[in-house]
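Remarks on the structure that follows.
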Amino acid sequence: MLAARYRGPNQIVPENVDIPAIGEGEALIRVEACGFCGSDISIVAGTHPRAKAPLTLGHEISGRIAQIGEGSHDLAVGDLVTMYPLISCGKCHACQNGHAHVCRELRLFGFDVDGGMAEYVKLPIDALIKLPATMSPQVGALIEPLAVAVHGVARADLTGVDVAVVLGAGPIGLLTALVAQSKGIPHVVVSDVVESRLSLARELGLDAEAAGSELHERVMQLTAGNGADLLFECAGHPTSAHEMTALVRSRGVIVNLSVFKKPALVDLQAINFKELELVGSRVYERQDFHEAIELAMTLPAAKIVSHEFSLNDVSAAFEQFHSSAACKVIINLSRDK
Ligand SMILES: [Zn+2]
Ligand SMILES: [Zn+2]
């Protein structure tokens with residue numbers, strides 16, 4: 001079968017590998033679509049701390065069950081599913097206290113173990129999450145990033161929140177803004193430095209402002225100069241880390257969904273003077289997937305897909321994903337037929 005293989009720094013190629021043989025408690029999935037994630041960039045760059053070549057990428061999939069072992073599950077061959085990609089140790093403090101998604105030794109399919117950017121992927125039955133039969137493969141592949149957004153929004157108390165800011169209009173920023181809006185927050189303002197991303201945000205019905213002084217003015221105008229009630233950091237850039245505290249009101253909340261590659265400068269004096277709350281948000285929990293599936297039925301999430309490629313063209317797809325003109329880039333396996 002064909003698989004998108006990371007072969008070493010800056011090498012991602014379509015390669016023929018054996019179809020994996022499933023063992024007890026496992027299933028074989030025929031993949032229909034698989035999205036590129038920001039974290040795939042660090043894998044291919046060779047800078048991800050754990051991912052080692054050779055590796056099949058991909059943790060944002062939709063596909064149909066081709067083979068499945070017996071057991072106490074309600075899944076059958078032909079069911080449309082996505083994967084819950086987290087592998088937790090089960091023993092650490094987080095795992096023992098119901099927070100396995102922030103396991104001390106968290107591992108993921110597509111990072112530590114072969115992922116699903118391939119014709120087939122072998123997964124534990126426990127890692128499968130059933131999707132509605134009518135869901136398109138593209139939307140199915142967006143459930144994982146949508147679950148990231150659902151989790152990020154769930155990390156904040158939305159009571160009394162009138163104005164929320166989302167820094168960064170990439171896939172996670174846009175999905176976070178859509179989820180925040182769906183929760184009834186009256187004003188959600190998204191910002192980015194890339195104009196094409198701002199226009200995509202506007203197409204999604206979001207209030208979008210260029211990062212910097214335009215965003216600052218808009219937020220202050222909406223809040224009588226106080227600052228936003230809530231801010232989601234989804235840009236992962238040192239500039240946004242430095243500026244975020246100035247955009248939030250006293251006693252406001254900042255949720256950081258970004259994976260910063262190195263420590264960033266944060267204005268701790270503002271955190272102190274304004275008694276801000278700074279909250280982390282990492283991946284998701286299972287219930288976030290279920291909520292993401294519900295939301296995907298109504299939100300215009302599919303609009304964030306800017307490009308689709310065949311698996312054979314995975315190198316070109318990755319190059320496209322790397323450019324600022326792209327939003328979500330998806331490998332659509334039906335294009336290989
Ligand atoms: Zn992802
Ligand atoms: Zn653990």
Side-chain angles (χ1 to χ4, degrees), residues 4 6 12 31 33-45 48-51 55-63 82-118 121 123-124 126-127 129 131 137-153 168 170-176 178-179 232 234-236 256-261 281-286 288-289 292-293 295-296 301-302 304-307 314 317-318 321-322 326-331:
Y6 164 55
I12 173 166
V31 180
C34 180
F36 273 108
C37 177
S39 51
D40 294 329
I41 292 180
S42 63
I43 295 179
V44 178
H48 192 277
R50 301 191 316 272
L55 175 76
T56 301
L57 293 190
H59 60 275
E60 304 183 358
I61 71 153
S62 63
T82 187
M83 76 155 98
Y84 186 75
L86 309 187
I87 307 164
S88 306
C89 79
K91 299 184 202 115
C92 73
H93 181 274
C95 285
Q96 293 279 313
N97 286 277
H99 308 296
H101 69 296
V102 282
C103 170
R104 213 170 71 193
E105 284 161 35
L106 188 70
R107 299 159 73 236
L108 282 93
F109 288 96
F111 294 75
D112 305 273
V113 181
D114 281 342
M117 196 171 276
V121 60
L123 291 168
D126 287 349
I129 294 183
L131 298 172
Q138 291 91 333
V139 173
L142 291 175
I143 297 302
E144 191 267 1
L146 190 52
V148 171
V150 167
H151 190 69
V153 173
I172 295 299
L174 292 173
L175 293 174
T176 299
L178 288 174
V179 172
F232 298 99
C234 303
N256 176 44
L257 287 85
S258 293
V259 181
F260 280 87
K261 300 293 175 246
S281 182
R282 187 179 190 188
V283 289
Y284 29 64
E285 293 164 88
R286 279 208 174 237
D288 298 316
F289 265 66
I293 292 166
L295 284 171
I304 73 161
V305 177
S306 59
H307 300 83
V314 67
F318 185 75
F321 181 55
H322 222 296
C327 192
K328 186 53 102 183
V329 174
I330 280 184
I331 298 297

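Just follow the structure's listing: the first ligand is 1, and inside any ligand the first atom is 1. None of the values given here were measured: they were computed from a predicted structure.
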Next on the checklist: For a distance under 2.8 Å, tell me if H93 has an N/O/S atom near the Zn ion (ligand 2).
Outcome noted: no

Item to check | Angle, OE1 of E144 through the Zn ion (ligand 1) to NE2 of H59 - 10° precision | outcome: 100°

Checklist entry - Pick from I330, I41, V314: which one makes a side-chain contact (heavy atoms from CB on, under 4.5 Å) with F36? => result V314

Next on the checklist: Tell me the closest heavy-atom pair linking M83 and F289, and the distance in Å.
Outcome noted: O-CE2, 3.4 Å

Item to check | Atom name in E60, limited to N/O/S, at shortest distance from the Zn ion (ligand 1) | outcome: OE2

Checklist entry - Between H99 and V102, is there a donor-acceptor pair closer than 3.5 Å when you use the side chain of the first and the backbone of the second? => result no

Next on the checklist: Please report, to 10°, the angle around the Zn ion (ligand 2) from atom SG (C95) across to atom SG (C103).
Outcome noted: 110°

Next on the checklist: Given 3.5 Å as the limit, does a donor-acceptor pair link the side chain of S306 with the main chain of A326, or not?
Outcome noted: no

Item to check | D40 backbone or side-chain N/O/S under 2.8 Å from the Zn ion (ligand 1) | outcome: no

Checklist entry - Looking at E105 and K91, does any basic side-chain N land under 4.0 Å from a carboxylate oxygen? => result no

